[in-house]
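No hydrogens, no waters, no symmetry mates; every other heavy atom, side chains included, goes into these values.
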Amino acid sequence: MDEARAREILTAAELPAREPEASLLALGENAVFGVGGLVVKIGRDAELLARAERELALADWLAESGVPAVRAAEPKPRLVEGHPVTLWHRLPDAVRPADPRDLAPLLRRVHALPEPAPFTLPRRELLGGVERWLRLAGDAIDPADAAFLRERRDSFAPAAAALTPHLTPGPVHGDALPRNVHVGPDGPVLVDLETFSSDLREHDLVVLALSRDRYGLDPAAYDAFTEAYGWDVREWEGCAVLRGARETASCAWVAQHAPTNPKALAEFERRVASLRDGDPEVRWYPF
C-alpha cells in the first residue's frame, strides 16, 4: 500500500472532511493521516482487523486506568475495501520533541497495571510478523537473506520463550520508543497502541537499549531513561536474547517496504549484512 492507494481508501471511508484536506503523517505498517480534528489509521490488509479492534479497546482501558494515551474517536474499526480504518482524536501540537526520559514514567505506569478484565492481551509475538513481512517483500529481496532471517527467527523464538524474567510479566507497550510519545501542553502521552501485549516487561526496555547500540541514541539520554525508570535491562542475562529477536524482526519489517522504496531495500541489506557478520555496532537507520 503506497500513499496513492491509502488516499483512495481514505476517500472511500467517506469521512466528514474530504481527502484533499488530509495530510500524510506516517506510512509504515499503517498509513496515518491527519484529517481536521481526527487522525485516521489505515491498515495494510484485512489481516490487521483484529489488531485494530484490540487497539481501540486498549484505548478505552488505558483511559479508565488513568494512563495518558491517545483516545479513540470511534469505538469500532471500519473495514474499507479490505483495509481496517480506525479514527482517533487528534492531539494538540507538541510543545517539544519527546526524549527517552519522557517515556520512562509512562512505561512505569503501564508496567504497574494488572491484566485487563474486559479483554485478553496476546503474547508479545515479536517474531510473529516476520513471515508476513518477508512475503510482502517478495522478489525485491535476495531469497538467501529471507532464508537467513527465517533461520534466525526459528532459533530465537524458543530461546526467548525459555527466559527467566527479572520483572513481573504483564501488559507492555511493545514498541517503547520516544517516537511513540507525544509531549503536548498537558505532558507526555503514549501513542501507537497496536503492539500492546502481555509478556516480559523487559521487551519494552530492550527497545531503548538497542536504540543506544544500533541507532545512535546518545548514551547520556539512555542513562537518563534508566535512572527515571529505575533499572537498566542490560544488567539482565536475557537481554542479548531479546535484542537478537528484535533485530531479526526489525530487519524483516523493513523488507516489506523494499518493493516500492529503494532506500528501504538499502537499509534492509545493511541490517542483514551486519547480522551475518555478527557485528553488533554497525549503525542502523530508523525507517
Practice task
Drop me the distance from L27's CG to F33's CZ, to the nearest 0.5 angstrom.
Solution key: 7.5 Å
Completion exercise
L134 and I141 have their tightest heavy-atom pair at CD2-CD1, 3.9 Å
Practice task
With the side chain counted from C-beta on, respond yes when E151 and F156 share a heavy-atom pair under 4.5 Å apart, and no when they do not.
Solution key: no
Handout entry: Heavy-atom donor-acceptor pair, D99 side chain to D102 backbone, under 3.5 Å
Key = yes
Practice task
Would you tell me whether S198 and E115 have side-chain atoms, one donor and one acceptor, within less than 3.5 Å of each other?
Solution key: yes
Handout entry: pair P84-D45: side-chain heavy atoms closer than 4.5 Å
Key = no
Exercise for the section: Could you grab the distance from atom NZ of K76 to atom CG of L87, nearest 0.5 Å is fine? Expected result: 14.5 Å
Practice task
Give a yes or no on whether the backbone of A220 and the side-chain of R212 come within a donor-acceptor separation of less than 3.5 Å.
Solution key: no
Practice task
Answer yes if L49 and I9 sit in the same cluster of Ile, Leu, Val, Met, Phe, Trp and Tyr residues linked by side chain heavy atoms under 4.5 Å apart, and no otherwise.
Solution key: no
Handout entry: W284 CH2 to S250 OG distance, which is reported to the nearest 0.5 Å
Key = 6.0 Å
Handout entry: Common cluster, L200/L113, ILVMFWY with side-chain heavy-atom separation under 4.5 Å
Key = yes
Problem - Shortest non-hydrogen separation from F268 to C251 and the atoms involved - result: CD1-O, 3.2 Å
Exercise for the section: Give a yes or no on whether a salt bridge exists between E267 and R271, defined as a side-chain N under 4.0 angstrom from a carboxylate O. Expected result: yes
Problem - Positive for side chain to side chain donor-acceptor pair (under 3.5 Å) with D204, one of R124, H173, H111 - result: H111
Exercise for the section: Before accepting this row, confirm whether a basic side-chain N of the pair R78/E74 lies closer than 4.0 Å to the acidic partner's carboxylate O. Expected result: yes
Problem - More than 12 heavy atoms of other groups within 6.0 Å of D139 CG - result: no
Completion exercise
Interatomic distance, CG@D279 vs CZ@R276, rounded to 0.5 Å, equals 15.0 Å
Practice task
Dump the intermediate steps for side chain to side chain contact (heavy atoms under 4.5 Å, CB included) on V181 and V191, then the final yes or no.
Solution key: CA-CA 6 Å; V181 176; V191 300; over 6 Å; no
Handout entry: Any donor-acceptor N/O pair, R201 side chain to P171 backbone, under 3.5 Å
Key = yes
Exercise for the section: Give the minimum heavy-atom separation between L126 and L242, together with the two atoms involved. Expected result: CD2-O, 4.2 Å
Problem - Cationic tip of R283 above Y215 ring, under 6.0 Å, 45° of axis - result: no
Exercise for the section: Decide side chain to side chain contact (heavy atoms under 4.5 Å, CB included) for R270 and Y285; before the verdict, give the C-alpha distance in whole Å, the side-chain angles of both, and the deciding distance to 0.1 Å. Expected result: CA-CA 9 Å; R270 175 202 303 275; Y285 294 91; 3.5 Å; yes
Problem - Verify same cluster id: V110, V183 (apolar side-chain graph, 4.5 Å) - result: yes
Handout entry: Ion pair check, E281 and R214, cut-off under 4.0 Å
Key = no
Handout entry: Lys/Arg N to Asp/Glu carboxylate O, R234 vs D232, below 4.0 Å
Key = yes
Problem - Side chain to side chain, E269 and D142, heavy atoms closer than 4.5 Å - result: no
Practice task
Please report the C-alpha distance between E235 and H166 in whole Å, then the side-chain angles of each, then the deciding distance to 0.1 Å, and finally whether the side chain to side chain contact (heavy atoms under 4.5 Å, CB included) criterion is met.
Solution key: CA-CA 10 Å; E235 300 171 1; H166 173 78; over 6 Å; no
Handout entry: Considering all heavy atoms, the nearest A140-L265 contact
Key = O-CD1, 3.5 Å
Handout entry: T226-W231 side chain donor-acceptor pair, cut-off 3.5 Å
Key = no
Practice task
Report yes or no: do V35 and I42 belong to one cluster of Ile/Leu/Val/Met/Phe/Trp/Tyr joined by side chain heavy-atom distances under 4.5 Å?
Solution key: yes
Handout entry: Within-4.5 Å side-chain heavy-atom neighbours: V39 and L25
Key = yes
Handout entry: Straight-line distance of L103 CG to L107 CG, nearest 0.5 Å
Key = 4.0 Å
Exercise for the section: Would you check if the side chain of Q256 reaches a backbone N or O of W253 as a donor-acceptor pair within less than 3.5 Å? Expected result: yes
Handout entry: Single-linkage hydrophobic cluster L205~L127, side-chain heavy atoms < 4.5 angstrom
Key = yes
Exercise for the section: Considering only NZ, NE, NH1 and NH2 on the basic side and carboxylate oxygens on the acidic side, decide whether E194 and K41 come within less than 4.0 Å. Expected result: yes
Handout entry: Test item: D2 and R7 side chains (from C-beta on) under 4.5 Å apart, heavy atoms
Key = no
Practice task
Return yes when atom CZ of R123 has more than 12 non-hydrogen atoms of other residues, nucleotides or ligands closer than 6.0 Å, and no otherwise.
Solution key: no
Problem - Side-chain donor/acceptor of H203 to backbone N/O of G174, under 3.5 Å - result: no
Practice task
Taking only Lys NZ, Arg NE, NH1 and NH2, and the carboxylate oxygens of Asp or Glu, determine whether R51 and E125 approach each other closer than 4.0 Å.
Solution key: no
Problem - Flag, side chain of W236 to backbone of T164, donor-acceptor distance under 3.5 Å - result: yes
Problem - Whether Y229 and F225 hold their rings parallel, tilted or perpendicular, with breakpoints at 30° and 60° - result: parallel
Practice task
Could you tell me whether the side chain of V85 reaches within less than 4.5 Å of the side chain of V40, counting heavy atoms only?
Solution key: yes
Exercise for the section: Indicate yes or no for a side-chain donor-acceptor contact from R246 to the backbone of L210 under 3.5 Å, with no hydrogens or angles considered. Expected result: no
Handout entry: Note, L208 side chain near L177 side chain (heavy atom, < 4.5 Å)
Key = yes
Handout entry: Side-chain donor/acceptor of H182 to backbone N/O of V189, under 3.5 Å
Key = no
Handout entry: Minimum heavy-atom distance between A72 and A59, given as atom pair plus value
Key = N-CB, 4.2 Å
Fill in the blank from the handout: The reported gap from CG in N180 to CG in D175 (rounded to nearest 0.5 angstrom) is 5.0 Å
Handout entry: Flag, side chain of R150 to backbone of V130, donor-acceptor distance under 3.5 Å
Key = no
Problem - Side-chain donor or acceptor of R54 paired with backbone N/O of L121 under 3.5 Å - result: no
Exercise for the section: Measure the shortest side-chain to side-chain distance between P68 and R109 over non-hydrogen atoms and say whether it is less than 4.5 angstrom. Expected result: yes
Exercise for the section: Taking only Lys NZ, Arg NE, NH1 and NH2, and the carboxylate oxygens of Asp or Glu, determine whether D213 and R243 approach each other closer than 4.0 Å. Expected result: yes
Handout entry: Nearest heavy-atom neighbours spanning L62 and A69
Key = CD1-CB, 3.9 Å
